[in-house]
There are 2 protein chains.
Amino acid sequence: MAHKPRKEMIAETRAKLIAAARHAFATQGYAEASMDDFTGQAGLTRGALYHHFGDKKGLLQAVIAEIDAEMSDRLCAISSRAKTAWQGFVDENIAYIEMALEPEIRRIMLLDGPAVLGDPSNWPNQNACLRSMTASVQKLIDEGTIRHVDAEATARLVNGATLSAALWIAGAEDPEAASRKATEAFLVMVSGLLKETVPA
Amino acid sequence: MAHKPRKEMIAETRAKLIAAARHAFATQGYAEASMDDFTGQAGLTRGALYHHFGDKKGLLQAVIAEIDAEMSDRLCAISSRAKTAWQGFVDENIAYIEMALEPEIRRIMLLDGPAVLGDPSNWPNQNACLRSMTASVQKLIDEGTIRHVDAEATARLVNGATLSAALWIAGAEDPEAASRKATEAFLVMVSGLLKETVPA
DNA sequence: TCAATTAACATACGTGGCGTATGCGAATAA
DNA sequence: TTATTCGCATACGCCACGTATGTTAATTGA
């Protein structure tokens, strides 16, 4: 049985650490996740972790970068399927709410991430989600669908609204009902961005 | 020099612990704040802390309850000064953004609080801010100023938007400009809630 | 009024988690 | 071949948290 090439082994180690940490962070939370525990479950030790990621925060950054990329992919796929840019914008935000309902994303991206690394807007090379959302808004401005507002500020506002809605729904006694209410209220609110009355 | 009555001594101990923790949490963050350190600075030990608050989380809850009450007071004062309910609603949200720019509130209420205690909407007897915001929205619905949306969902959405805006502004290279952009975009967005075109 | 109990803390102890320093084998470079 | 770097494991010390155990003063109750 031939051994794998060295480069592959290293990449595999990194991947195993990220996967183990991702699972531990999602289920127990960042603070409660013991590095000894989840490195052990990956068949490694903290030595490998410190070598590759520097410290616990560094590993969290790597986990966040991975999840962020996945979220961005999913959002892009959704908005690209829409017939109009506006519908794509709306779909993207509804999808964001649904993603934020997934425990892993809520825990890591919305709760622990900001607390440990600071606000997402200061994360250097990730938050592809925000960039994608900003691009969508800019597109709507350029094609004249919505009013001439600042794209980045609007993207942040809308994103914060959906995020907050998701947290609310997740904790609600009746998530189904909360989801419907939130979606409806969201559509009404963002209709203020439109130049003319909402077409749909 | 007569000693103070017993009840007062106890209340004083609690107040000293909360004040010391509040300062430590705000400046160093919840995770980095050592209980030995800030109880010592208050002239006490961890024994007093565990007796009164159970554990570190319990103390954080007390700190959050205090700050939440202060924020609620400030917001109520602002909205009550406004000429119309809509103007009060807008003022309240602008004020919320400004409050969220204060490092103490950002750190404790917006970053560490949710990470440690879970989302604010699940906090039992606090988040008076949210209740006050919900009441404002309900009032606007009742008087026919805004469309018939769910008050709580709308309050959450709007609050999340302002929160996100504040975090963005705080981390922006040019906070002044960011603040102006965010405020303008906010006004445009929430105008979607109005039944008729924005009066101001 | 005088035990007995409880409240309000302080002290002491054990444990676990983190970071760093060190070691070691394998791969690469010289 | 030797030297050096790389990839990881092992070993150590420290600090912080939680708990168990005092200790003193106030309160109860008979």
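Reminder, nothing fancy here: chain letters follow the sequence lines and each chain counts from 1. Just so you know, these numbers use all the heavy atoms, side chains as well, and skip hydrogens, waters and symmetry mates.
Side-chain N/O atoms of S132(A) and E92(A) include a donor and acceptor closer than 3.5 Å. Of the N and O atoms on the side chains of D142(A) and Q138(A), at least one donor lies less than 3.5 Å from an acceptor on the other residue.
One distance of note links CZ of R106(B) with CG of D119(A); it measures 8.5 Å at 0.5 Å rounding. Here the CE atom belonging to M35(A) is positioned 7.0 Å from the CG atom belonging to L59(A), to the nearest 0.5 angstrom.
Note on the helix from dT1(C)-dA30(D) to dA30(C)-dT1(D): terminal axis deviation equals 0°, with five pairs used at each end and the result rounded to 10°.
Closest approach of A153(A) and D150(A) over heavy atoms only: N-OD2, 2.9 Å.
More than 12 heavy atoms of other shown residues, nucleotides or ligands fall within 6.0 angstrom of atom NZ in K16(B).
Straight-line distance from the CE atom of M9(A) to the P atom of dA27(C): 10 Å, rounded to whole Å. Here the P atom of nucleotide dG19(C) and the CG atom of L59(A) are 11 Å apart, to the nearest Å.
Taking side-chain N and O atoms only, H51(B) has no distance below 4.0 Å to OP1 or OP2 of dA7(C). Within the 4.0 Å cut-off from OP1 or OP2 of dC8(D), at least one side-chain nitrogen or oxygen of T13(A) is found. For the OP1/OP2 pair of dC9(C) and a distance below 4.0 Å, the side-chain nitrogens and oxygens of H52(B) include at least one atom meeting the criterion.
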Problem set entry | Test salt bridge (Lys or Arg N to Asp or Glu O under 4.0 Å) applied to E70(B) and R22(B), step by step | CA-CA 13 Å; E70(B) 293 174 8; R22(B) 177 171 173 167; 2.9 Å; yes
Problem set entry | Derivation and outcome, salt bridge (Lys or Arg N to Asp or Glu O under 4.0 Å), residues E102(A) and R74(A) | CA-CA 14 Å; E102(A) 301 170 18; R74(A) 292 167 63 182; 2.8 Å; yes
Problem set entry | Annotated protein contacts, base or backbone, on nucleotides 16-23 of chain D with a non-hydrogen cut-off under 4.0 Å, one of B, S, - each | SBBB----
